[in-house]
J.: 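Let me begin by handing over the structure; questions about it come next.
As the structure lists them, so they are numbered: ligands from 1, and atoms in each ligand from 1. Along the sequence shown, residues carry numbers from 1.
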Amino acid sequence: MRALNRFAEMKRKGEKIAVLTAYDAPQARAQEQAGIDAILVGDSVGVNILGYSSEREVTLADMAHHTRAARRGAPDPIIIADLPFATYDTPEQAAASAKFLQQAGADAVKFEGAFPDLVQVLGTLGIPVCGHLGYEPQHCERRVHGKTLEEATKIFSDAKALDEAGVFMLVLELAPAELAAAITRAIKAPTIGIGAGPATDGQVLVFPDVLGYAEKNFRHNRRYAEVGATMRASAATYLSEVRAGLFPTLANGSTMPAEVLARFEAEILERRG
Ligand code: KIV
């Protein structure tokens, strides 16, 4: 198994952990070549790639398909795969779902919510778990959580319970920066923020958001490219060149050797009239 304990070591040394989502082989390959610390095959694949309207539509088969693709593209990095909605309702179901994603190439699984019992069950089966608190798209549409004393207290104690149960990493999504900082100080596992301020042990972003081809942009995101604009411009230029007969040219394909062409014309085309 790839060394997941290196993340705890990075936390101890104060080295930031960089995680990105990847859903296919070219994305994962590019991230491996860039030296990414871990790849998350997130259930955000549903909205970003599969055209679903919600993460809740993502199936275990979808997750296995995309995990396999990411693993083919990136043999070495640690891959964490999301357990999708309604695939971890009982310990038995969580175990079966997690094993399925392990067989598809995941080193670890992530699930949303405070279920320390599931972390322990998966741990006894040798399946490492990344927790996910704050905004949980599978469970709630309201984005920011943790701005009231009650919510902040709950997220803080849930984080501690998941840590004690043995998560190797904890994603904090859209949690207020002060809460994320307090959790980061209070738990052993490295925290990975997304829209949770600068004090977490690492960051995760959604690759289509980073590349600039997701439909929406978000305050928590930084676009490092404008791939959406490049895709639209490339499609439009291709279309106009095909229509104008400018593409393809002979250089885009192959031609027949002269003697084969001569015989083809004499023996086949002329004979057949
Ligand atoms: O599915 C996903 O991409 C995620 C990240 C936003 C953390 O869970």
J.: What residue and heavy atom of the protein are closest to atom 5 (C) of ligand 1, and at what distance?
T.: Leu40 CD2, 3.8 Å
J.: Please check whether Tyr23 reaches ligand 1 - meaning an N/O of the residue sits under 3.5 Å from an N/O of the ligand, judged on distance alone.
T.: no
J.: By the ring pair (Phe, Tyr, Trp, His ring centres under 6.0 Å) test, which pairs, at least two apart or in different chains, include something from residues 55-108?
T.: Tyr88-Phe111
J.: Any side-chain to backbone donor/acceptor pair from Lys147 onto Ala152? Under 3.5 Å, distance only.
T.: no
J.: With atoms numbered from 1 as shown, which atoms in ligand 1 lie under 4.0 angstrom from a non-hydrogen atom of His132?
T.: 8 (O)
J.: Could I get the full list of side chain to side chain donor-acceptor pair (under 3.5 Å) partners for Thr87, not counting sequence neighbours?
T.: none
J.: Can you list the ligand 1 atoms lying under 4.0 Å from a non-hydrogen atom of Gly42?
T.: 1 (O), 2 (C), 3 (O)
J.: Decide whether an N or O pair under 3.5 Å exists between Asp82 and ligand 1.
T.: yes
J.: Using only atom types and a distance under 3.5 Å, with no angle test, would you say the side chain of Lys11 pairs donor to acceptor with the backbone of Ala189?
T.: yes
J.: Could you work out, for atom 3 (O) of ligand 1, the closest of Gly46, Ser44, Gly193, Pro137 by heavy-atom distance?
T.: Ser44
J.: Do the side chain of Asp158 and the main chain of Ala114 share a donor and acceptor less than 3.5 angstrom apart?
T.: no
J.: In terms of side-chain geometry, is the basic nitrogen of Asp107 or Arg71 positioned less than 4.0 Å from the acidic oxygen of its partner?
T.: yes
J.: Under a 4.0 Å heavy-atom limit, does Thr21 contact ligand 1 with its side chain, its backbone, both, or neither?
T.: side chain
J.: For atom 8 (O) of ligand 1, what's the nearest protein heavy atom and its distance?
T.: Lys110 NZ, 2.8 Å
J.: Report, as yes or no, whether the 6.0 Å neighbourhood of atom CZ on Arg143 holds more than 12 heavy atoms from other residues, nucleotides or ligands.
T.: yes
J.: Short list, please: which atoms of ligand 1 are under 4.0 Å from a heavy atom of Ile194?
T.: 6 (C)
